[in-house]
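Hydrogens, waters and symmetry mates play no part in the numbers below; they use all other heavy atoms, side chains included. Just so we're on the same page: letters track the sequence lines, and every chain starts at 1.
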Number of protein chains: 2
Amino acid sequence: MDVRTLCLGALMGGEATGYEIRKMFEDGTFSHFQIASLGSIYPALTKLTQDGLVTFVEHEQENRPDKKIYQLTSEGRRSFLRTLLQTRPGEDRYRSDILFMLTFAEEMPLELTEALIDEFAARHQMMSQQIDPDKDDGTDAQGSRWHDEDGNPKPGCCFVAGLGQAMCDATLKFIRENKQGLLDQLKNYKANKS
Amino acid sequence: MDVRTLCLGALMGGEATGYEIRKMFEDGTFSHFQIASLGSIYPALTKLTQDGLVTFVEHEQENRPDKKIYQLTSEGRRSFLRTLLQTRPGEDRYRSDILFMLTFAEEMPLELTEALIDEFAARHQMMSQQIDPDKDDGTDAQGSRWHDEDGNPKPGCCFVAGLGQAMCDATLKFIRENKQGLLDQLKNYKANKS
DNA sequence: GACTGCATGTAACCGGTTACATGATTCG
DNA sequence: CGAATCATGTAACCGGTTACATGCAGTC
């Protein structure tokens, strides 16, 4: 799934600037299962504009670059929906340096192992909080992206958010239950070696 | 974490061919949290050989390209350990086209939604089975990578495997408990719209 | 005073994927 | 008879990251 498609999807929830789209992938709605950086989003939006899939209105701002508020065109919407129906989803890929490093826990000092686990836990804790579908991104006047025009929560979003949270919670739970055990095993393991 | 480091890590468990290393990332030990394709592994091994971090012995085979069995040099081992101690682990990144698509469940036919969920579940089921630390890759004469020379299981590996499995199981559980609910909600949602 | 947030944009670079080339064997 | 498995290797290509450029406002 390329950045262009991701941007179209982001705009399905309503208008947004490039900067705001990045936030959806950094902090927001999509943060736990997709990523996209500004350096790829801006060119993507330019391309989409050329192709007639999005339009933007320029809002002048003092002391800042003009804000470009993007919106799907009806063709953009149709195009995205077509993609949705036709695309065979790519494989899920989860990459974690921390888990890779932890595979070699025997080879590092105990403190490092513990630090890595703690960091892993901290990241998941943060993710879990960011996902929370009830928080609803707060003050947004026109209603958040989790809800449609009538204020009904979107089932798809809730399901995906719930799933993300379940994964985070499971991770956290596992760490709570197994961290000390691992540390103890490592102590024994190292004692046996010497 | 680049492919070179990944290859060094893979060889920490003992000697292997490029083809076997790919398998560790495709099916095996590392499959649930790192990926690497042959097109990047072979060049990486060549580079590592040039740098003196790995060596290989060529085993002739009939009707096949010679098999190159790679092995860490002592410098390769030291270098990997240094990397392990010095590297700030990169962010975990989980990318899932399916979850992205499911965010827009309202916009697609119910059957597609269900198919996507089922596929998601099937993939995680498979992952869960692949991880299983007890299976121990079976017939391997010199013992699998989950165990050290004395046959003791490596705590780091077990921990990471367990964590992977906990995540898979949580995913599967969530789907079991919420799939039908989502489908029902979508039915209502669509009925209300029309 | 330094850093973060808002806000856009460009371009070099780089790493990895994909596809191709080769070829016997085994399984369904 | 086609597909998958074993087994290595090269190279074009492409997508995205990183870094740079610009600049003000607010906070620590």
Engineer: Rounded to the nearest angstrom, tell me the gap between atom CD in E26(B) and atom P in dT18(C).
Structural biologist: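 The answer, rounded to whole Å, is 11 Å.
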
Engineer: Dump the intermediate steps for salt bridge (charged side-chain N to carboxylate O under 4.0 Å, His left out) on D51(B) and R4(B), then the final yes or no.
Structural biologist: CA-CA 11 Å; D51(B) 295 349; R4(B) 254 178 290 116; 5.4 Å; no

Engineer: To the nearest Å, how far apart are E91(A) CD and dG16(C) P?
Structural biologist: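 Result: 18 Å.
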
Engineer: Between F33(B) and Y94(A), does the ring centroid distance fall short of 6.0 Å?
Structural biologist: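 Not close enough - the centres of the two rings lie 6.0 Å or further apart.
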
Engineer: Could you go step by step and tell me if K154(B) and E107(A) meet the salt bridge (charged side-chain N to carboxylate O under 4.0 Å, His left out) rule?
Structural biologist: CA-CA 11 Å; K154(B) 290 190 182 174; E107(A) 317 287 346; 5.2 Å; no

Engineer: I want to verify a distance call: between dG16(C), dG16(D), dG9(C), whose nearest atom is closest to the K68(A) side chain?
Structural biologist: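 For the K68(A) side chain, the nearest candidate turns out to be dG9(C).
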
Engineer: Would you mind telling me which residue lines up with the more 5' stretch of DNA chain D, R95(B) or R22(B), judged by nearest nucleotide?
Structural biologist: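 So the residue in question is R22(B).
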
Engineer: How long is the line joining NZ of K67(B) and P of dA24(C), in whole Å?
Structural biologist: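 So the NZ-P distance, K67(B) to dA24(C), works out to 18 Å.
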
Engineer: Without decimals, in angstroms, what is the distance between Q34(A) CD and dT17(D) P?
Structural biologist: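 One finds 11 Å between P of dT17(D) and CD of Q34(A), rounded.
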
Engineer: Could you state the CZ-P distance from F25(B) to dG16(C), rounded to the nearest angstrom?
Structural biologist: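 Going from F25(B) (CZ) to dG16(C) (P), I get 11 Å.
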
Engineer: Between R95(A) and D92(B), does the salt bridge (charged side-chain N to carboxylate O under 4.0 Å, His left out) criterion hold? Intermediate values first, please.
Structural biologist: CA-CA 6 Å; R95(A) 339 172 104 263; D92(B) 294 31; over 6 Å; no

Engineer: In whole Å, what is the span from the CD1 atom of I21(B) to the P atom of dC6(D)?
Structural biologist: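 Spelled out: CD1 on I21(B) to P on dC6(D) is 15 Å.
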
Engineer: What is the separation between atom CE on M1(A) and atom C1' on dT17(C), rounded to the nearest whole Å?
Structural biologist: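 Going from CE in M1(A) over to C1' in dT17(C) covers 18 Å.
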
Engineer: Taking only heavy atoms on the protein side, list every residue of residues 37-49 of chain B lying under 4.0 Å from any atom of DNA chain C, sorted numerically.
Structural biologist: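 Correct list: S37(B), G39(B), S40(B).
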
Engineer: Determine the sole option in L183(B), N178(B), T103(B) for which the side-chain contact (heavy atoms from CB on, under 4.5 Å) test with F159(A) is passed.
Structural biologist: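 That would be N178(B); it is the only one of L183(B), N178(B), T103(B) passing the side-chain contact (heavy atoms from CB on, under 4.5 Å) with F159(A).
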
Engineer: Does the ring centre of F56(A) sit less than 6.0 Å away from the ring centre of Y70(A)?
Structural biologist: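 Centroid separation for Y70(A) and F56(A): below 6.0 Å.
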
Engineer: Mapping D66(B) and D2(A) to their closest nucleotides on DNA chain D, which lands nearer the 5' end?
Structural biologist: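 Per heavy-atom nearest nucleotide, the more 5' residue is D66(B).
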
Engineer: Can you tell which of dC6(C), dT8(D), dT17(D) lies closest to the side chain of I35(A)?
Structural biologist: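 Of all the options, the side chain of I35(A) is nearest to dT17(D).
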
Engineer: Taking OP1 and OP2 of dT8(D), is either one under 4.0 Å from a side-chain nitrogen or oxygen of T17(B)?
Structural biologist: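 Yes, T17(B) has a side-chain N/O under 4.0 Å of OP1/OP2 on dT8(D).
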
Engineer: Between atom CG of L172(B) and atom CE of M127(B), what is the distance when rounded to the nearest 0.5 Å?
Structural biologist: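 Reported to 0.5 Å precision, the distance equals 10.0 Å.
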
